[in-house]
Enquirer: 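Next up is a structure, given as structure tokens.
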Amino acid sequence: MPPGPAPADHGRDEPRPGTPPGPDQIAPNDSVQPDWEPVITRPDPMTEEERQAWLDALSGEDEPFDPEEYPDPDGPPPPGEDELTPEELAGIREVTEAEARGAANGARSGTTGALAAIAAYGSRRGPGQPGSARRFLGESSSRAAAFGTGLALDVMPGCPDLAVLAGAAAGDDDTYDGVSDDELIGVLSAWDRLEAHMVARKLAAAAELIRRRPEPGCAPEGPARMPAACAEFTAEELAYALAESRGRAEDLLTLAATLETRLPGTRAALRDGIVRLDKAWIIACATALLDPEEARAAEAMVLGRAGRLTPGGLRAAIARAVMDVAPEKARKRREAAARDARVQRWAEDSGNAALMGRELPPAEVLAADQRITAWARQLRQAGLEGDMDVLRARAYLDLLLGKDSRPGQDTAGREDGGGPQGPRGGGPGSAGPDGPAGPPAAGPHASAVPAGFAGRINLTIPLATLLGLADRPAEIGGIGPIDPTLARDLARAAASHPKTTWCVTVTDQDGHAIGHGCARPEPKSHARRRGKPGKPGPPGGLDPPRGTGDTPGTGFSFTVMSQHGPPGGYGAWKLRTGASGPPDLIVALDPITTEDCDHRFAAKGHEPGVKLRHLSQIRHATCTGPVCRRPATQADFEHNTPYEAGGRTCLCNGGPKCRHDHRLKQHPRWHVDQLPDGTFKWTTPSGRQYTTEPTRYPI
């Protein structure tokens, strides 16, 4: 049930001068991993000392130095060698791990020449050196050359040898002299992998400590040879050695045992540096309620993309995987955790204080959040100073204390919890469609779903879950994945709300949107005809069954009306919510193109139409920045090729970007390509490329 389109709050599209070369200008590179695209960079030329070290290394090899094979870098290129042959180019790209280890051995023995030889591997003519008319992938004269995009050290797993090479690339004073931006990012990423690798080795040592300190009667068992429990004071022994608290030491031992016995894939990914410690913790905590087989199944569903997901994205992905693997256990955990609901307060470092509620019902949290925002808007309209964060904080306290912080109002609290009525009609306790609800009734809510909340959220439910045919997780915008039982409760509450809107999205096997339709009420004339005796029912036969197995019927049905829907679409369908009063809903499913666009939803001017904006928000539910999770409904519709430069206002040339990423994309040193399937490819000033795929919906 996506909310209405975002306000037409657009930025200005500006041409981007000086953009880096596009994908068609980059030579293919078989060594590049799927999530990376090869790019061309311009490293600085060798210094005289580096060139001399390179020549010294060459002179020590078996083959004598040939001036004709290695011409003077300051001289012109030999005749007929303006381009490298495919075989030569392949040789440039092939820097193997064995060679990297050889360089590491040279670094340990202090052989500067060996490092220089590896750094200059295949660099017959480096980019930017005199006489070089073109750039070639993988060529560089710096000591960090092999850290370039997709090259050996850029994809090398974390290990001690990588640490030696990264240290050599930094130089004696950590200034990275002569290292290009692309290579510098490669070295920085290597240090990140090394940090994860060292943590993994530390956890492996902690696991061995558990093996050597088993609880009496708990012999090591299983492939990991881990006891079911360790001796009582093992955590203290570790805490003393690390000068750490007992609680943190216990956490470290727990994670070490979990990775060894339940999450071998995460353990391997941490050791290789694919995931960091915080991501390993996210996976371990989310799968704690599962048995080992279920934990491995959930782990396998996210591990392939865990490295490129942000912590928030990984948290949502693994939560969805856990609900998919064991929906009943996920529901029981939510219900059990609700019994631990609490409000916490603490002092901030600044001298202020904090107040937070934990383990609260998701529906009531959303309702409370909407009430806070609505009152904050009234405070802003009344002239209270501050941005929305400040105003929401003031609204939060107003609603808790029964105050009215609008200028000129009495701020004294009231016993009934409602604010005083002001000249603008309605304090914190007043009712209204755009303002907070009235004073809370005495006693707790009878239902876990407060009335009126569901029409103002974005709830995404797999159709099979809605119909009671399967138990797959759903998702609430701003909250994340929710278990199937709660999803159906919320859907039923939404069906009874007169302002609820319904949409249906068709996805491919990966959860990417390929079709979409917004429901509209069935015409009254159709309903009258349907109610007359003797009239045949709609094509498609009977409604789907009302649930299967232990899943009760939901009251929802979704039946085909006609295959004659929008051209190229997925037909017209009828959605029944089971609620009394509202008419049946008609859904005509339009296609969302993933190849050549037919521009059917293109707008003539700069501003997208309502439908185009809505479909772009369906394809990308969040900002298309690689690490941004701002809802698309709160973002701009941004033209990838600027409208002023001839770019269409169309789904093939636009997508949601928050204002920050909108401005970032327009910076002349940044470049963004939009592919036909909706993928956005971001190229940074260092030449590195990152991709943002369309949203993966629960399926």
Enquirer: Is there a side-chain contact between W670 and D661 (heavy atoms, below 4.5 Å)?
Expert: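 A side-chain contact under 4.5 Å is absent here.
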
Enquirer: Measure the spacing between CG of L314 and CG of L303 and express it to the nearest 0.5 Å.
Expert: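 So the CG of L314 and the CG of L303 are separated by 9.0 Å.
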
Enquirer: List for me each residue that meets salt bridge (charged side-chain N to carboxylate O under 4.0 Å, His left out) alongside K329, sequence neighbours excluded, and say none if there are none.
Expert: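 Residues passing salt bridge (charged side-chain N to carboxylate O under 4.0 Å, His left out) with K329: D291, E294.
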
Enquirer: Going by atom types alone, do H197 and R201 pair a side-chain donor with an acceptor below 3.5 Å?
Expert: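 Judged by distance alone, the side chains do pair up.
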
Enquirer: State whether the side chain of R143 and the backbone N or O of A169 hold a donor-acceptor pair below 3.5 Å, judged by distance alone.
Expert: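 Side chain of R143 to backbone of A169: a pair is present.
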
Enquirer: Got a sec, which pairs hit side chain to side chain donor-acceptor pair (under 3.5 Å) with one end in residues 263-272, sequence neighbours left out?
Expert: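 Sorted pair list: T266-E299.
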
Enquirer: Which residues satisfy the salt bridge (charged side-chain N to carboxylate O under 4.0 Å, His left out) test with D349, sequence neighbours excluded?
Expert: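 Checked D349 against salt bridge (charged side-chain N to carboxylate O under 4.0 Å, His left out); zero matches.
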
Enquirer: Given side chains that start at C-beta, do those of T594 and I514 come closer than 4.5 Å, heavy atoms only?
Expert: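 They are in side-chain contact.
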
Enquirer: One pair to check against side chain to side chain contact (heavy atoms under 4.5 Å, CB included): V199 and L203. What are the steps and the verdict?
Expert: CA-CA 6 Å; V199 169; L203 289 169; 4.0 Å; yes

Enquirer: What do the steps show when you test S180 against D182 for side chain to side chain donor-acceptor pair (under 3.5 Å), and what is the final call?
Expert: CA-CA 5 Å; S180 71; D182 173 49; 5.0 Å; no

Enquirer: For Y697 and A513, work out which heavy atoms get closest and say how close.
Expert: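 Residues Y697 and A513, closest heavy atoms: CE1-CB, 4.2 Å.
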
Enquirer: Can you check whether D340 reaches R358 side chain to side chain, under 4.5 Å on heavy atoms?
Expert: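 Heavy-atom side-chain distance check fails, nothing below 4.5 Å.
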
Enquirer: Write down the atom of L253, the atom of A206, and the distance for their closest heavy-atom approach.
Expert: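 Taking every non-hydrogen atom into account, CD2-O, 3.9 Å.
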
Enquirer: Between R193 and M156, is there a donor-acceptor pair closer than 3.5 Å when you use the side chain of the first and the backbone of the second?
Expert: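 Pair found, side chain donor or acceptor close to backbone of M156.
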
Enquirer: Looking at every heavy atom in both V275 and G307, which two are closest together, and how far apart are they?
Expert: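 Closest approach of V275 to G307: CG1-N, 4.2 Å.
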
Enquirer: With no hydrogens and no angle check, do the side chains of D177 and T175 hold a donor and an acceptor under 3.5 Å apart?
Expert: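 Side chains of D177 and T175: no pair found under 3.5 Å.
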
Enquirer: Measuring from I318:CD1 to I283:CD1, what's the distance to the nearest 0.5 Å?
Expert: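 One gets 5.5 Å once the value is rounded to the nearest 0.5 Å.
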
Enquirer: Evaluate whether atom CZ of R334 has more than 12 neighbouring non-hydrogen atoms of other residues, nucleotides or ligands under 6.0 angstrom away.
Expert: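 More than 12 within 6.0 Å, yes.
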
Enquirer: Are side-chain heavy atoms of H512 and R696 found at a separation under 4.5 Å?
Expert: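 H512 vs R696: side chains touch.
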
Enquirer: Heavy-atom distance under 4.5 Å between the side chains of I210 and P227, does that happen here?
Expert: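 In contact.
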
Enquirer: Checking R320 against E475 for the salt bridge (Lys or Arg N to Asp or Glu O under 4.0 Å) test, could you report, in this order, the C-alpha distance in whole Å, the side-chain angles of both residues, the deciding distance, and whether it holds?
Expert: CA-CA 8 Å; R320 189 182 305 122; E475 191 162 316; 2.3 Å; yes

Enquirer: List the residues meeting ring-ring contact (aromatic ring centres under 6.0 Å, His included) with F680, not counting sequence neighbours, and say none if there are none.
Expert: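 In terms of ring-ring contact (aromatic ring centres under 6.0 Å, His included), with neighbours along the sequence ignored, F680 is linked to H620.
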
Enquirer: Inspect the surroundings of CD in E595 and state if more than 12 heavy atoms from other residues, nucleotides or ligands are less than 6.0 Å away.
Expert: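 Atom CD in E595 is not crowded, with 12 or fewer foreign heavy atoms closer than 6.0 Å.
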
Enquirer: Provide the closest heavy-atom pair for A295 versus L263 in the form atom of the first, atom of the second, distance.
Expert: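 Minimum heavy-atom contact is O-CD2, 3.9 Å.
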
Enquirer: So do the side chains of K202 and L277 get within less than 4.5 Å of each other, counting heavy atoms only?
Expert: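 K202 vs L277: side chains apart.
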
Enquirer: Would you compute the distance between atom CZ of R333 and atom CG of D483 and round it to the nearest 0.5 angstrom?
Expert: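 Rounded to the nearest 0.5 Å, the CZ-CG separation comes out at 10.0 Å.
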
Enquirer: Show every side chain to side chain donor-acceptor pair (under 3.5 Å) that has at least one partner inside residues 208-219, sequence neighbours left out.
Expert: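 Found E208-R211, E208-R212, R211-E260, R213-E237.
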
Enquirer: In this structure, are over 12 heavy atoms from other groups packed under 6.0 Å from D278 atom CG?
Expert: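 Correct, the count exceeds 12.
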
Enquirer: Are R276 and P311 packed together at the side-chain level, in the sense that at least one heavy-atom pair is separated by less than 4.5 angstrom?
Expert: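 SC-SC contact between R276 and P311 confirmed.
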
Enquirer: Distance check, rounded to the nearest 0.5 Å: L209 atom CG versus T234 atom OG1?
Expert: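 So the gap between those two atoms works out to 6.0 Å.
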
Enquirer: Using the rule given for side chain to side chain contact (heavy atoms under 4.5 Å, CB included), can you reason through T624 versus E638, listing the C-alpha separation, both sets of side-chain angles and the distance that settles it, and then say yes or no?
Expert: CA-CA 10 Å; T624 55; E638 196 269 347; over 6 Å; no

Enquirer: State whether the side chain of K279 and the backbone N or O of I274 hold a donor-acceptor pair below 3.5 Å, judged by distance alone.
Expert: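 Not confirmed, K279 side chain does not pair with I274 backbone.
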
Enquirer: Can you tell me how far the CG atom of L270 sits from the CG atom of L255, to the nearest 0.5 Å?
Expert: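 Going from CG on L270 over to CG on L255, the span is 8.0 Å.
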
Enquirer: Go through it in stages, so that I can follow the logic: the residues are E244 and L238, the test is side chain to side chain contact (heavy atoms under 4.5 Å, CB included), and I'd like the CA-CA distance, side-chain angles, deciding distance and then a yes or no.
Expert: CA-CA 8 Å; E244 188 57 91; L238 183 60; over 6 Å; no

Enquirer: Would you say R296 and P264 make side-chain contact, with heavy atoms under 4.5 Å?
Expert: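 A side-chain contact under 4.5 Å exists here.
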
Enquirer: Spell out, as yes or no, whether a donor-acceptor pair under 3.5 Å connects the side chain of D508 to the backbone of D510.
Expert: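 Checked: pair present.
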
Enquirer: Can you measure from OG1 (T679) to CD (Q674) and round to the nearest 0.5 angstrom?
Expert: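 These two atoms lie 9.0 Å from each other.
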
Enquirer: Would you say the side-chain atoms of T683 and Q689 include a donor-acceptor pair closer than 3.5 Å?
Expert: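 There is such a pair (donor and acceptor under 3.5 Å, judged by atom type) between the side chains of T683 and Q689.
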
Enquirer: Any donor-acceptor pair under 3.5 Å linking the side chain of R262 with the backbone of L290?
Expert: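 Checked: pair present.
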
Enquirer: Looking at R629 and T310, what are the two nearest heavy atoms and their distance?
Expert: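 Smallest heavy-atom distance, with atoms named: CD-OG1, 3.8 Å.
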
Enquirer: For T695 and A621, indicate whether the former's side chain and the latter's backbone hold a donor-acceptor pair under 3.5 Å.
Expert: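 Judged by distance alone, yes, a pair lies under 3.5 Å.
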
Enquirer: Which atom pair, heavy atoms only, marks the closest approach of S245 to A239?
Expert: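 Residues S245 and A239, closest heavy atoms: O-CB, 3.9 Å.
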
Enquirer: Before you tell me yes or no, could you show the steps for Y690 and V627 under side chain to side chain contact (heavy atoms under 4.5 Å, CB included), namely the whole-Å CA-CA distance, both residues' side-chain angles and the distance that decides it to 0.1 Å?
Expert: CA-CA 10 Å; Y690 306 89; V627 297; over 6 Å; no

Enquirer: Within a 6.0 Å radius of atom CZ on R472, are there more than 12 heavy atoms belonging to other residues, nucleotides or ligands?
Expert: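 12 or below, so no.
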
Enquirer: Please list, chain by chain and in numerical order, all residues satisfying side-chain contact (heavy atoms from CB on, under 4.5 Å) with A166, sequence neighbours excluded.
Expert: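 So A166 forms a side-chain contact (heavy atoms from CB on, under 4.5 Å) with F147, V187, W191, L194.
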
